[in-house]
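Step one of this worksheet: look at the structure below.
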Amino acid sequence: MFASVVVDVPTQQTDRLYDYEVPESWEALVQPGMRVLVPFGPRKIQGMVLAIKASTDVLKTKPLIALLDLTPVLTEELLAIGKWLSNETMCFLITAYQAMLPSALKSTYSKKLVLADGRLPSDLPEELQVFYKNQRAVLWDDVESNLQTMKSVKLALEEGWIDVLYEAKDQTSIKHVKWVTLKQSLTEALASLAANAVRQREAIQLLASHKDGLALSVLSQRSNAGYSSLNKLVEKGIFHLEERELYREPYELMESTSTPLDLTEEQAAVLESIVSATDQSSATTFLLHGITGSGKTEVYLQAIDNALKQDKQAIVLVPEISLTPMMVDRFKKRFGSKVAVLHSALSKGERYDEWRKIHRKEVTVAVGARSAIFAPFDRLGIVIIDEEHETSYKQEEHPRYHARDVAIKRAAFHKCPVVLGSATPSLESRARAQKKRYHYVQLEKRIGKQSYPEVTIADMRDELKAGNRSMFSRQLMDALTETISRGEQAVLFLNRRGFSTFVMCRDCGYVLQCPHCDISLTYHKHHHAMKCHYCGHQEPLPRACPKCESEHIRFFGTGTQKVEEELLKLLPDIRILRMDVDTTKRKGSHAKLLDAFEAHEADVLLGTQMIAKGLDFRKVTFVGVLAAETMLHLPDFRAAEKTFQLLTQVSGRAGRHELPGQVVIQTYTPEHYSIMLSASHDYAGFYKQEMQFRKLSQYPPFYYLALVTITHEDLMECAKEAEKIARHLSQELSDEAILLGPVASPIPKIKDRFRYQCMIKYKDEPKLQPALKQIMALYAERIQKKELQVLIDMQPYSML
DNA sequence: AGCACGCCGACT
DNA sequence: GTCGGCGTGCTC
């Protein structure tokens, strides 16, 4: 019997199957989806079994060294998904499989020099003896690599004094705990005790009230009985003692404490259509378009509940940033201990524990960020992707997958629905719903009596004209002081993503645009010129605004610290809580800050991206957006969409409870449709207008995109190869496809390597995938030599 | 990725 | 003549 194995060596040459002989004693045990230890050249490495077969074409096979799993860690379905992923995203197979498993299952390798059997350190050359003072093995990396010692090592190896040992270890150390259960009935157990054994009696009584038993240490502590007396009870056969696996975060058997809420008519109708998809095993993708506060989560919860009742499982994806304790609690309260949470803030071990609960079928609901889509369930009944439009569902490293695509692929296998939920659906999804590829369902009413907050747009150009040179408009200052004086709280939002330097006129708000691409030009220090990242258009830096001839034309960008300082100058008595990357670096500080704000320890919460999502504070009635357009002028065709989504989301933070909300959006471009339409809560209007732009400028959802990036140490070489690739592509592709570039990448040099890119816009291009693979093969050797890199991203989410 | 095999320059 | 540089190619 032979096993076809993908080895843990992510390179072009080893990206294939290797056959190994299965030792007879393991024939009944080995299954596809198990990790194995295999010999590979002189080393031992980890591998993934993809198939078992009776014969092989390979003449000289080696046997497997060890089985690393007793049950497969990947199901046949996930093995197939991995193949699909590697093909689709052009990554190595093993890279795809690694992405699907918790990192604790990945091996780390070490090379050691061990003293040969029966040898003593004194047998070795002098300079090696120091390493073996109190050990028989030394790590290769710990041996100083000077010429003399290397020579001695070589000699010692030849003489057989030492051996090289390759080790592969994963991090699956599982903690165990001593666990006791009562073996007899309470009366029986008590009867056999001596009358004066008070502590033992107490222990027995305590244990009788815990059917499932207790950890020995816990029992001892609670009953005041020592370990020796408890051990006597074990010896007597009254207690049963065993080693039990301990999860790092012992999950308390949390009872479900929340019950389904009454649904509005709207909610009930949406729920009904989702539920019937699960019931009829229909792999329908729903786009649930529900405005903030319309009760999407309750619909999710009841749809999941329905799946669970049919003995099926559920995956819920939430953007990393909103995977807060608040969010998780809602699921835990409804489904109790049936929930596993996969969060990147967990330690490797904790993450592995959560994953194991899923693997061992101890839970039926997985809540987590992007990678939770690979939860090894075998009977999926529903997949939910909340905040569907979030860009974090796309992984930026290999494998560059989009969780939404994986979800739909998995759902097709399990014949279950996918629910994409959002208040501001991505244009792609909304367009697919339009084309009936997704089933469109809507929640248009806010629950209860909440009304939309009143949104004011503050034109910063007017402020400047009126002599207000500060970064706060009069509208914002008025609303802020009023809010605080009423004893309520405010959130100030600064979009700092605007690091990319765009140039704007402070008088008329004009931003330099590329005449060919409708994308703002970025300022390049080195060339002292304005450039378009998409088509390569270049023009000199203007002295005066081309539109109004004002000289107040300059770069943009500011930080939260600066805002805090400025605000304190104007209102020295207010308490500000600043939340950004700096203040939330430490683990847990994120939650701490939010708790403090909830407890009204501050009047103003000032922050970036991270405060835009999912936060729900009782007393927040005012939200201010300091610079609405920073994101608008990023060199990204999704800039307007992102701006609209963000502004809509941020305004949703104001007045979610009894108190009415107010929003002020500061901007230099108040007439931009993404700003105007978000202020009037008009998604439909925005969709219409943005679709027009996308159609005109040939972007998704009208065209698919592929981005090929070439990097090289030498600028000329980089440009030359990029040119070659572009030529090759233009030969292969149909006339329908649009090829842009090659041009320098938005970040033209990273780590001393120059970057060029070609963008392909296409509709139906069956030859694209093969052509790209051909290019990869053509450059294989030069890539391997690290001379150049060719990076391919299908459907890139960010052009940066 | 590692590692072995293998073919050219400066040394005992 | 040999030691050792790292280019090339393989790992079931």
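Atom set for the values below is all heavy atoms of this structure, side chains included, hydrogens, waters and symmetry mates excluded. In what follows, chains are A, B, ... by sequence order, proteins preceding strands, each numbered from 1.
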Check your understanding: Contact boundaries of DNA chain C with chain A (under 4.0 Å, heavy atoms), 5' to 3'?
Key -> C:dG4 to C:dC12
Atom pairs and distances, donor-acceptor, side-chain atoms in residues 98-109 of chain A, under 3.5 Å, two or more places apart:
unit_1   : atom_1 : unit_2   : atom_2 : d
A:Gln98  : NE2    : A:Asp8   : OD1    : 3.3
A:Ser107 : OG     : A:Gln46  : OE1    : 2.6
A:Thr108 : OG1    : A:Lys169 : O      : 3.2
A:Tyr109 : OH     : A:Asp8   : OD2    : 2.6
A:Tyr109 : OH     : A:Gln46  : N      : 2.9

Check your understanding: What about A:Tyr401 and A:Phe374, are their ring centers closer than 6.0 Å?
Key -> yes
**Study point:** Carboxylate-amine/guanidinium proximity below 4.0 Å for A:Glu723 and A:Lys720
**Key:** no
Point to revise | Under the side chain to side chain donor-acceptor pair (under 3.5 Å) test, residues paired with A:Glu320 that sit two or more places apart | key: A:Ser344
**Study point:** A:Glu27 atom CD: more than 12 heavy-atom contacts under 6.0 Å
**Key:** yes
Practice item. Name the nucleic acid region contacted by A:Ser4, choosing base, sugar-phosphate or nothing; use a 4.0 angstrom heavy-atom cut-off, strictly under. Key: nothing
Practice item. Please work out if A:Gln13 contacts a base, only the sugar-phosphate, or nothing of the nucleic acid, heavy-atom cut-off 4.0 Å. Key: base
Study note, to complete from the structure: Rounded to whole Å, CG of A:Asp8 lies from P of B:dA1 at a distance of 12 Å
**Study point:** Interface with DNA chain C, restricted to residues 35-58 of chain A and to heavy atoms under 4.0 Å
**Key:** A:Pro39, A:Phe40, A:Gly41, A:Val58
Review point. At under 4.0 Å between heavy atoms, what does A:Thr61 touch on the DNA or RNA strands: base, sugar-phosphate, or nothing?
Key: sugar-phosphate
Exercise for review: For A:Lys151, answer base if it contacts any base atom (sugar-phosphate contacts may also be present), sugar-phosphate if it contacts only those atoms, and nothing otherwise; contact means non-hydrogen atoms under 4.0 Å.
Suggested key: sugar-phosphate
Practice item. Working to the nearest 0.5 Å, report the span between OH of A:Tyr703 and CG of A:Asp764. Key: 12.0 Å
Study note, to complete from the structure: When rounded to whole Å, the NE2 to P distance for the pair A:His398 and B:dA1 reads 12 Å
Point to revise | Heavy-atom side-chain contact between A:Ile94 and A:Thr14 under 4.5 Å | key: no
Exercise for review: Determine whether more than 12 heavy atoms belonging to other residues, nucleotides or ligands lie under 6.0 Å from atom NZ of A:Lys767.
Suggested key: no
Review point. Do the numbers put A:Arg136 on top of the ring of A:Tyr132, so that NZ or CZ is under 6.0 Å from the six-membered ring centre and no more than 45° off the axis?
Key: no
Check your understanding: Would you call A:Glu428-A:Arg638 a salt bridge at under 4.0 Å N-O?
Key -> yes
Check your understanding: What one-letter contact string describes nucleotides 7-12 of chain B from 5' to 3', where B marks a base within less than 4.0 Å of any protein heavy atom, S marks contact via sugar-phosphate atoms alone, and - marks no contact?
Key -> ------
Review point. Do other residues, nucleotides or ligands put more than 12 heavy atoms under 6.0 Å from A:Lys111 NZ?
Key: yes
Practice item. Please list residues of residues 83-97 of chain A whose heavy atoms come under 4.0 Å from any atom in DNA chain C, ordered by number; otherwise none. Key: none
Point to revise | Over 12 foreign heavy atoms within 6.0 Å of OH, A:Tyr704 | key: no
Check your understanding: For atom CD of A:Glu126, is the number of surrounding heavy atoms from other residues, nucleotides or ligands below 6.0 Å larger than 12?
Key -> no
